[in-house]
Amino acid sequence: VQLQASGGGLVQVGGSLRLSCAASGSIFSRYDMGWFRQAPGKQREFVARITTTGTQNYPDSVKGRFAISRDSAKNTVYLQMNSLKPEDTAVYLCNAVRSGALYWGQGTLVTVSS
C-alpha cells in the first residue's frame, strides 16, 4: 500500500484546512485509516482514525474540531481541520492498518500562525 498525503499549508488561528491521503490499489476499503502528527521535538501523536465500517475515533485535543472521512471510490481519506490552533502545527501523516500490517505515507506540513 502506498499513501500520498497532501493539503498542508499555512493557515491563521481559527482557520480551516482539509488534508487528503490517497491510497494505491483496490484494497483501500479493507484498511482502517488514520492520521497522526508530529511537531518538532515531540513524539508522534494520534489525531484521528476511521475503520472499514466508518467508526471514528479522536483524542480529546481535536474532538469537535477535526473530522475524518473516507471515500472508497477515490481511495482517499480526508481530515477536515477546523478552528485551528497554534498547537496544531505539525507534520501530519496518514497510515493504513490491517491484520498487523501497517503502512505510512509521507507527511504534509500544517503551520498555524497567530
Side-chain angles (χ1 to χ4, degrees):
V1 176
Q2 291 185 326
L3 304 172
Q4 180 75 35
S6 61
L10 177 64
V11 63
Q12 291 188 334
V13 170
S16 298
L17 278 177
R18 189 177 80 156
L19 306 183
S20 300
C21 177
S24 64
S26 60
I27 55 175
F28 172 78
S29 61
R30 303 180 191 176
Y31 283 75
D32 293 344
M33 302 296 296
W35 286 96
F36 283 70
R37 66 187 180 187
Q38 189 161 18
K42 295 187 177 181
Q43 290 188 333
R44 191 168 292 184
E45 176 188 18
F46 167 68
V47 174
R49 170 178 175 260
I50 185 166
T51 68
T52 56
T53 58
T55 300
Q56 301 165 31
N57 300 103
Y58 307 92
D60 289 343
S61 58
V62 307
K63 195 174 294 183
R65 300 189 298 121
F66 289 13
I68 189 171
S69 60
R70 62 192 300 161
D71 185 337
S72 295
K74 296 182 178 180
N75 284 357
T76 300
V77 62
Y78 302 99
L79 184 68
Q80 178 66 45
M81 305 186 296
N82 300 323
S83 303
L84 283 162
K85 304 175 181 180
E87 52 264 42
D88 295 320
T89 294
V91 174
Y92 284 70
L93 308 101
C94 59
N95 72 4
V97 182
R98 177 177 181 263
S99 300
L102 173 62
Y103 302 93
W104 289 96
Q106 95 297 346
T108 185
L109 177 62
V110 173
T111 303
V112 183
S113 68
S114 54

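Index from 1, following the sequence.
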*If you measure from CD on Gln4 to CG on Asn75, what distance do you get to the nearest 0.5 Å?*
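Interatomic distance, Gln4 CD to Asn75 CG, rounded to 0.5 Å: 14.0 Å.
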*How many angstroms lie between OG in Ser20 and CG in Leu79, if you round to the nearest 0.5 Å?*
9.5 Å
*With sequence neighbours excluded, residues passing side-chain hydrogen bond (donor to acceptor under 3.5 Å, both in side chains) with Gln106*: none
*asked:* Suppose clustering is done on Ile, Leu, Val, Met, Phe, Trp and Tyr with side-chain heavy atoms closer than 4.5 Å. Which residues sit in the same group as Tyr78?
replied: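 Besides Tyr78, the cluster holds no residue at all.
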*Determine whether Phe66 and Trp35 make a side-chain contact, defined as any pair of heavy atoms from C-beta on separated by less than 4.5 Å.*
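A side-chain contact under 4.5 Å is absent here.
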Shortest non-hydrogen separation from [X] to [Y] and the atoms involved:
X      : Y      : answer
Tyr58  : Ala67  : OH-CA, 3.3 Å
Thr108 : Ala5   : CG2-CB, 4.3 Å
Val1   : Leu3   : CG1-CD2, 3.7 Å
Met81  : Val110 : CE-CG2, 3.8 Å

_Taking the basic N atoms (NZ, or NE/NH1/NH2) and the acidic carboxylate oxygens, is any pair closer than 4.0 Å for Lys63 and Asp60?_
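Yes.
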*Assess whether atom CD of Gln43 is packed by more than 12 heavy atoms of other residues, nucleotides or ligands within 6.0 Å.*
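Incorrect, the count does not exceed 12.
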*Can you establish whether the number of heavy atoms outside Gln2 located under 6.0 Å from its atom CD is more than 12?*
no
Pairs under 3.5 angstrom only: tabulate donor-acceptor contacts from the side chains of residues 6-19 to other protein residues two or more places apart or in another chain.
{"residue": "Ser16", "atom": "OG", "partner": "Asn82", "partner atom": "OD1", "Å": "2.9"}

_I need the full list of disulfide (SG to SG under 2.5 Å) pairs touching residues 49-79, with sequence neighbours left out, sorted by first then second residue._
none
Using distance only, find each side-chain donor-acceptor pair of residues 93-101 under 3.5 Å and give its atom names and separation, not counting sequence neighbours.
{"residue": "Asn95", "atom": "OD1", "partner": "Gly34", "partner atom": "N", "Å": "3.2"}

*Look at the side-chain heavy atoms of Ile, Leu, Val, Met, Phe, Trp and Tyr, link any pair under 4.5 Å apart, and say whether Ile68 and Tyr103 land in one connected group.*
yes
*Hey, any chance Val112 and Leu109 share a hydrophobic cluster, counting ILVMFWY side chains that come within less than 4.5 Å of each other, even indirectly?*
no
For a quick test of your reading: what N or O donor-acceptor pairs under 3.5 Å do the side chains of residues 45-53 make, sequence neighbours left out?
{"residue": "Glu45", "atom": "OE1", "partner": "Arg37", "partner atom": "NE", "Å": "2.8"}
{"residue": "Glu45", "atom": "OE1", "partner": "Arg37", "partner atom": "NH2", "Å": "3.4"}
{"residue": "Arg49", "atom": "NH1", "partner": "Asn57", "partner atom": "OD1", "Å": "3.0"}
{"residue": "Arg49", "atom": "NH2", "partner": "Asp32", "partner atom": "OD2", "Å": "3.2"}
{"residue": "Thr51", "atom": "OG1", "partner": "Thr53", "partner atom": "N", "Å": "3.3"}
{"residue": "Thr51", "atom": "OG1", "partner": "Thr53", "partner atom": "OG1", "Å": "3.0"}
{"residue": "Thr51", "atom": "OG1", "partner": "Gly54", "partner atom": "N", "Å": "3.4"}
{"residue": "Thr51", "atom": "OG1", "partner": "Thr55", "partner atom": "N", "Å": "3.1"}

